[in-house]
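In what follows, a single structure is set out as structure tokens and then discussed.
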Amino acid sequence: MASQIHFLDIKGKPLLSRDYKGDIPSNTIDKFPLLLLELENSHEDGDYKPFINSQGINYIYINHNNLYLCALSRKNENIMAIIIFLSKLIEVLTQYFKSLEEESIRDNFVVIYELLDEMMDFGVPQTTDTKILKEYITQDYYKLVKKSADHLVQPPQAVTNAVSWRKDGIHYKKNEAFLDVVESINMLINASGQVLNSEILGEVKVKSHLSGMPDLRLGLNDKGIFTSPNADEEAGSSSAGQTNNKGIEMEDIKFHQCVRLSKFENERIITFIPPDGEFTVMSYRLSAAQFLMKPLILVQCKTKVHKHSRIEILCSVKAQIKKKSTANNVEVIIPIPEDADTPKFTPEYGTVKWIPEKSHIVWKLKTFPGGKQFHMRAELGLPAVTDPEEILSSNKKPIKVNFSIPYFTTSGIQVRYLRINEPKLQYQSYPWVRYITQSGDDYTVRTK
Amino acid sequence: MGSLKSFIKAVRKAKTIADERAVVRKESAAIRTSFRDATLDQTTRRINISKLLYLYIMGEKTHFGQVECLKVLASPRFADKRLGYLATMLFLDENQEVLTLLTNSLDNDMQHPNAFIVGLALCCLGNIASPELARDLYTNVEKIITTNNTYLRKKACIVAAKLVEKDPDLSEFFLQKIPQLISDKQPAPLLGASKLIQSLYYASEENRPALIKTIPSIVAHLKRVTTSGYMPDYDVMGTTDPFLQVSLLSTLRILATDEQCPAEYLEQVNDILTQVASNLESGKNAAHAILYECVKSIFAIQSDQSLKILGVNILGKFLSTKDNNTRYVALDTLLSVINIEPLAVQRHRSTIVSCLSDGDISIRRRALELSFAILNDQNIRVLAREILVFLEGSADSELKPYATSQLVIAASKYSPNDKWHFDTLIRMLKVAGNYVTSDILSNILALILQCNDGELKKHAVTKLLSSCLEDMSQFSLSLITIWAVGEYGDIVLGSNIEVNGKQVLVDEKKILQLIDDLINNSTYSENENVQLISYILTSILKLSIKFKDSQSIEKLRLMLNSRTYDSNLEIQIRAVEYQEIFAQDAKLKKGLLARMPAPPVKERESLSLNNSSNKKT
Amino acid sequence: MAVQFLFLLSRQGKVRLSKWYQALSQKEKSKRTRELTTLILARRAKMCNVLEYKEMKVVYRRYASLFFIVGVESGDNELIALELIHRFVEQMDKMYGNVCELDIIFGFEKAYHILDELLLDGVIQESSKKEVLKRVAQQDELENMDEFDNILA
Amino acid sequence: MSLEKRIRNFLKGPKKGETFELKSGLVSQYKGERKDAIQRVIQAMTVGKDVSALFPDVLKNIATYDLEQKKLVYLYLMNYAKTHPELCILAVNTFVQDTEDPNPLIRALAIRTMGCIRVSKMVDYMEIPLLRTLKDDNPYVRKTAAICVAKLFDLNPEMCVEFGFLDLLKALLKDPNPMVIANSLNALYEIKDMNKDPNLDVLPITQDLIKNLLTCLNECTEWGRISILTTLTDYHTSNVEEVNHIIERVIPQLQHVNPSVVLSSIKTIIHHLDVIPSQAQRSTILKKLSSPLVSLVSSSIPEAQYVGLKNIRIILEKYPQILSKELRVFFIRYSDPLYLKLEKLEIMIRLCNEHNSSLLLSELKEYAMEFEPALVLKSIRSIGSVGINLISCVVKSINLLGDLIDQRGGDLIINEAVIVLTNILRRYPGKNDLITLVIPIISNHIQELEKSEALSGYIWLLGEYPKYFSGLKEKLSSLLEGFLEYESSLQLNILTTIVKVNLKVPGQAYSGLLQKVLELTTKECENADVRDKAYLYWRLLSSSSDDSQQKVILSKLPPIKSTVSSFNPNVLEILIQELSTMSSVFHKPAFTFIESPKATEKKRAG
């Protein structure tokens, strides 16, 4: 799939490389910085593409933490697979080293080479599951390596098993499973408080502390899921993406690879052997139009710029949720010009902080009871000499809002049951469920 | 807020670019806020400015510190002034509005009893003077330029040069100082005077006669420097003051190339160039720098034959050195020699050609431009071949439009015969058809139109056709082919051509196939496609009277028809008009579509590489 | 010859000192710096030290971990530009006593002081090796006297 | 010592010392030191230093029980094998031994590395170990050996076939382990790409194979699934039952969390879809694709989103209804990189219909107020497209464009708006109300027109609606100044317009201009295309009847249908077949930018 994989710094200089196939000259990557430069120059025309084809070589790369991961290939490869592989590589390395950046690459080159060897062979992706890789590629060999060959670390069975995500022989004294149903709300609100677009991104997360090879069955109150596709054949369409009178319309359900997809497709049953520890068993997306007519947290903001001297901001925030609910850790992030100074804040409630490196101010409200409204005034200085490059840009930047509301899902989805069955061990087990609604990455209010 | 040192350390400690940005932005914010503090002590102010300097080096914004710099340099203390001026020169340029606030400080400081403070103000003015500042402050400079203090005089000269550049009307005040300035024997003021002479020379033609009169003095200075013994302070690897020598030589060149330069002066210049060039021992960069400057002068002024030979020999030596920089400047200089000593340059042809495949783009650029410069009717076959090799093999897409244009121009001038001419152009289209400018493309089509030899025309069109059938990825080749097929379809129909080693009969089907492939399988940019389709439409119309088979003709009509809704205006207009013509009676059509008369022959001037690179449409 | 700009670049591509003798916007300066950084770092050691860039010539030279880069007009003498770079390096070496990258990072003001005595508006103003350093040292002393005055006052 | 020398010494000094130090470390009597030295050698190799000189010393450390050290030595061998082919052979014994090691990890490592040592002599030693490992009890070893067959083929195809490795590999497609099957499949694909022997059928896709793969699909890792899906797409059948079976098995994969599995599944389904005879059934299946398609845009990796969008655009052209309700998903986020924003606009404009048009227009207005020029321009274009697609929106679009010019102005916006406005009039020709709305906007900004497309539009309007412009003659004659400097497209436009005006306006008022433009284009102009057109007009005007002149020159342009670009049908078909590949993001068929293996071979040799 890929002939070579490179880790490069932000300027395109290689940090670490692996050649899998030998069909591309090894100095080819040296052209990358120049190609990047050419691309950057075309950026303003919108000609930029995250892929380059130059002299018969395809450069496919993704950007992460000021690093480039780049795959080279001569063929018309499956580019989506390559990109996802590269992102998996980032994911695995991040789980190995906490964060992936120039320094962690330099410091861990031995392990990275080993992982590259194990994750791809002759350009074909192999194992990309960190849990399994960690079984036999460790950063701390001394614990595992014994004096003789017999005791050497072995490839875990799981690598080649049908159940490639769980090893045998896991044992817990107390068998527990924790479920978190997390719904993230993305919302685009215009300056007058109208909702332009909204969606719920839901996730059911599992933390499994279960022994043996347990088989789990998850029951939800989603009508769509539990209606068999054959039941309404006459209507000419099957259920997953279809509106149902009382049930919740889930779109775009995605399952962890442990879930038996065909079982779900045919019988609408979610069954799986879970990986050990934490993972997301399923995710879904809902168009929120049917649940959310108005913003959960409403922000209104007026900005007045006095050129060469100061900027004034008047902001109000209202929790449009049930009176008995409380929003926690509410953050209203308001963009301000890059060259502002001398902040003065007067919040009615909560605290305001200037974050100059991000060119915004953050108004934090730790707890925010439903129905309440608060105001905040801010004033910052602006330099006498205006920044020649400061265009309209910062004015158009939207306000971002973060929050979380516990004990409640916006869609109303509920876990009905989680049945745990380990055929051999037959143990007693305890499922726990929590619900939370929170802001997604993109809960934003447009400014005028 | 900590010290500068702790700030720099904090920046360096940041492990990621994001961390670094955070440290920098936070500090920048703290500095901005600190500026608002009216009670700030001078030390903190200085630290703020120093930190801003560091931000500046890192490419961060510093516009908000401009006013603060002006405040700091207005302080009476030297340390403040020094730092204030340093920062002002970096943060401000002649376009900044706050520059007017600087006038007063500069005025005061240039009259300061302390020479170093005067020096700072001069340096600042010299770096960032605007036309207004120049007019406001020239009298100060006028005064300083006659001071006895060498340190200030040398600076004042360069500042004066700058002021004259900003406002040529100020020339008169400094022109009269030249005789005195050029009689100075000290190297530094001479450097300044030399610069001032150059500026005055370019500022106004009126200045020139007076300046030319300095030639004997400059020659004398050069003589003195070259014959002086070892001067440790000015010696660079055995050469005395190469900076001064180069500066004087370049001034001399400017003055001596002036039409009004009298013959006796020219003779003096010739002599001194001979002397400088023959007395230098080459091998070291400093010496090469002077030799290089001499050679440039030798070929710029009216010089003796013997001197020219000397110059050519020096370049020959340069070309044969291992040092790439010397080789580079030699290639660069040969370009200006070509008109004066063409034969001498021709001798280096093989070296030049070999540089076309050098690993260094700087060398390749020079070699390419030189290759075209030495191209003539004697060597065109050889050189054209080399250039085609370059076009095919090289990855320098920025050089290719230049190379194709030049090749076409050169081929028009020097081609040994018409057949060779067409064959070369078609080969060029095959290897670099995506790097041909629209102007040159028209030129190639015009050449075909102008060709009166029927056999040759047929040869050209069939060759185009077979090349295009082999490879449709070269835009200009496709465009020219499709036009030629439309205009001369009758000539090629029925002939056999070779495509990828196989014999192929050119019939109506084949041509329809070609059109179809060009429309459907080509992958040109949107703009190119519009042009291609436009050409195709005209060809279709022309072919409609050349085709015999009614089915083929109907296919042509359908092709026209399918474009009558095209979102591109030009294509739509064409398709609709042509559709109407298509429906007219045969006699009228024959008249309308008779052979197109040839366009006027246009002479094209050779281009230089720098001007042509941005011309690609 | 007139220098249009000068900057010092580390092998990692970080700018260590920069001075522009042309009036350009910050954005344009950054753009040019970035482009030249990429172009120069991609060049091999054996290549010549001249690069044609926009309407000018860029002359550079590497000393240990630092690239010294100057832009000159296209008709200027590239070889004397190399000498100029070398002179600047020599003077810094004498000033700092065995100059290294760290000296310049922490003591960039000194480097600017040398530069401003060596070049004015991009034009070389002093070709004596001693004079530049002497003048910089004298001004350093003046600064110290300020401090002294300060203490007395 | 001069500065120069000192610096040179500084540069060279430590280098020599370093190599020496490494060398002595590699042959140290202490294990720890040796391992440390190997690590440092690899580190030097990583930063691009040439440490090939240490080859013999590194090689001495190959026989070790320390797995980590073994891996490092192997890594070094792979890197420098080409420069030291002879020395590599010294390692053969260790490799062969290792393939018999009791530990499957070592066996796999050895066979994997052997294949990566691209030295032709190595081939001779590979036969026995490869045969052994292909039949290994451990699936981890077998899956590694399967890939090694492809490596061997790359080195020596004849031998690979002769010794029966290809057949062994094909046999592995029936292995009980899904990972082994997937790797064998991948290896066969690689071999297929490398193969130059036309008589060699590397990967016959049979009904049996498909059956087997379908059962294996759910057992596989995500990567294995992609390989299987590829094979399913490469399979051609007209058997409806079979197709139903395939689609049935593939549909569950649309729910996979890995976007490349999802996209590959979509591709497979689309590939087989046409075989299904029932229109209703086909559209039911298509409906199931819409949610998964949308999910491609919600990936957290912008590059993956971009690939998703590019593929969606292709699929949309084939199936325009597939996402008709999904406009909002494609709304631009402020934090999106520019390339995503532009691509989202492309999708949005293709989803525009009566129901969502006013929502779309108000979004487009927001985008047109942004600061990135490319985004602003495309938004303006899109506003025009909405008006052109839907007659109900045309007045709204025009007013929006007029507002934008008034509020923001600037050459960029004006030029783009004029292009769009001209196109709107081309969509609704002859409508007086629209003409009187549009032409004043354009007339007010003639001085600012620079872009040739905008000028073209304006010039055309002069000829099409001459009555609506004041001072027509001055306007036309000003166009003739500097005529020869214009690009050919503008020259053509001016020519046409003057010819038209001449026919439209009775009398001889414009004959002077006509004379002039014909002279310029035929006598001065070199461009063959412009000359062709000029002669056509000239001959037409001088030789034909008024009637034919009118017919040809004053023929009305039929209303255009759309200004949204679409693929040429042939290209679209190819792109549909090449979904998810490089060509899907370049929107160009692979053959146009991928070199054939033959050409590649030539380059490698040369």
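In what follows, chains carry the letters A, B, and so on, assigned in the order in which the sequence lines appear, proteins first and then strands, with residues in each chain numbered from 1.
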Can you tell which of [options] has the highest number of heavy-atom pairs within less than 4.5 Å of chain D?
| options | value |
| --- | --- |
| B/S567, B/G486, B/A598, B/G591 | B/S567 |
| B/A594, B/A575, B/A583, B/P597 | B/P597 |
| B/I519, B/I573, B/I448, B/L449 | B/I573 |

Whether over 12 other heavy atoms sit under 6.0 Å from [X] [atom1]:
| X | atom1 | value |
| --- | --- | --- |
| B/M596 | CE | yes |
| D/E573 | CD | yes |
| B/N527 | CG | no |
| B/K413 | NZ | yes |
| B/N452 | CG | no |
| B/K284 | NZ | no |
| D/K500 | NZ | yes |

Please tabulate, one pair per line, all N/O donor-acceptor pairs under 3.5 Å involving side-chain atoms of residues 555-563 of chain B, not counting sequence neighbours.
unit_1: B/R557; atom_1: NE; unit_2: B/E554; atom_2: OE1; d: 3.2
unit_1: B/R557; atom_1: NH2; unit_2: B/E554; atom_2: OE2; d: 3.1
unit_1: B/N561; atom_1: ND2; unit_2: B/Q579; atom_2: OE1; d: 2.6
unit_1: B/S562; atom_1: OG; unit_2: B/M559; atom_2: O; d: 2.8
unit_1: B/R563; atom_1: NH1; unit_2: B/D566; atom_2: OD2; d: 3.1

Problem - Polar side-chain atom of D/R539 near backbone of B/L588 as donor-acceptor pair, under 3.5 Å - result: no
message: Using only atom types and a distance under 3.5 Å, with no angle test, would you say the side chain of B/E580 pairs donor to acceptor with the backbone of D/L554?
response: no
Which atoms of [X] approach chain D - backbone, side chain, both or neither, heavy atom under 4.5 Å:
| X | result |
| --- | --- |
| B/L592 | both |
| B/L593 | both |
| B/L569 | both |

So which of [options] has the biggest tally of heavy-atom pairs under 4.5 Å with chain B?
| options | result |
| --- | --- |
| D/N423, D/N568, D/I574 | D/N568 |
| D/N570, D/T522, D/L536, D/D529 | D/D529 |
| D/S542, D/A528, D/P559, D/P589 | D/A528 |
| D/K533, D/K551, D/K588, D/R531 | D/R531 |

How far does [atom1] of [X] sit from [atom2] of [Y], to the nearest 0.5 angstrom?
| X | Y | atom1 | atom2 | value |
| --- | --- | --- | --- | --- |
| B/L441 | D/E526 | CG | CD | 10.0 Å |
| B/I581 | D/S555 | CD1 | OG | 9.0 Å |
| D/E524 | B/K602 | CD | NZ | 7.5 Å |
| B/Y565 | D/R426 | OH | CZ | 13.0 Å |

Can you give the donor-acceptor pairs under 3.5 Å from side chains of residues 529-545 of chain B to other protein atoms, not counting sequence neighbours?
unit_1: B/S534; atom_1: OG; unit_2: B/V530; atom_2: O; d: 2.8
unit_1: B/T538; atom_1: OG1; unit_2: B/S534; atom_2: O; d: 3.4
unit_1: B/T538; atom_1: OG1; unit_2: B/R574; atom_2: NH1; d: 2.9
unit_1: B/T538; atom_1: OG1; unit_2: B/Y578; atom_2: OH; d: 3.0
unit_1: B/S539; atom_1: OG; unit_2: B/I482; atom_2: O; d: 2.4
unit_1: B/K542; atom_1: NZ; unit_2: B/E487; atom_2: OE1; d: 2.7
unit_1: B/K542; atom_1: NZ; unit_2: D/D532; atom_2: OD2; d: 2.6
unit_1: B/S544; atom_1: OG; unit_2: B/L541; atom_2: O; d: 2.6

Do [X] and [Y] have side-chain heavy atoms sitting under 4.5 Å apart?
| X | Y | answer |
| --- | --- | --- |
| B/S473 | D/T592 | no |
| B/E570 | D/S489 | no |
| B/S438 | D/E487 | no |

Select one option (side chain, backbone, both, neither) describing which atoms of D/F593 are under 4.5 Å from chain B's heavy atoms.
->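 For D/F593, neither part sits under 4.5 Å from chain B.
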Applying a strict 4.5 Å limit to non-hydrogen atoms, the region of D/F586 in contact with chain B is neither
request  = Report the C-alpha separation of B/Q584 and D/V552 in whole Å, then their side-chain angles, then the decisive distance to 0.1 Å, and conclude whether the side-chain contact (heavy atoms from CB on, under 4.5 Å) test is met.
outcome  = CA-CA 9 Å; B/Q584 300 290 324; D/V552 172; 4.2 Å; yes
State, to 0.1 Å, how close B/P599 and D/C525 come at their nearest heavy-atom pair, and which atoms those are.
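Looks like CB-O, 4.1 Å.
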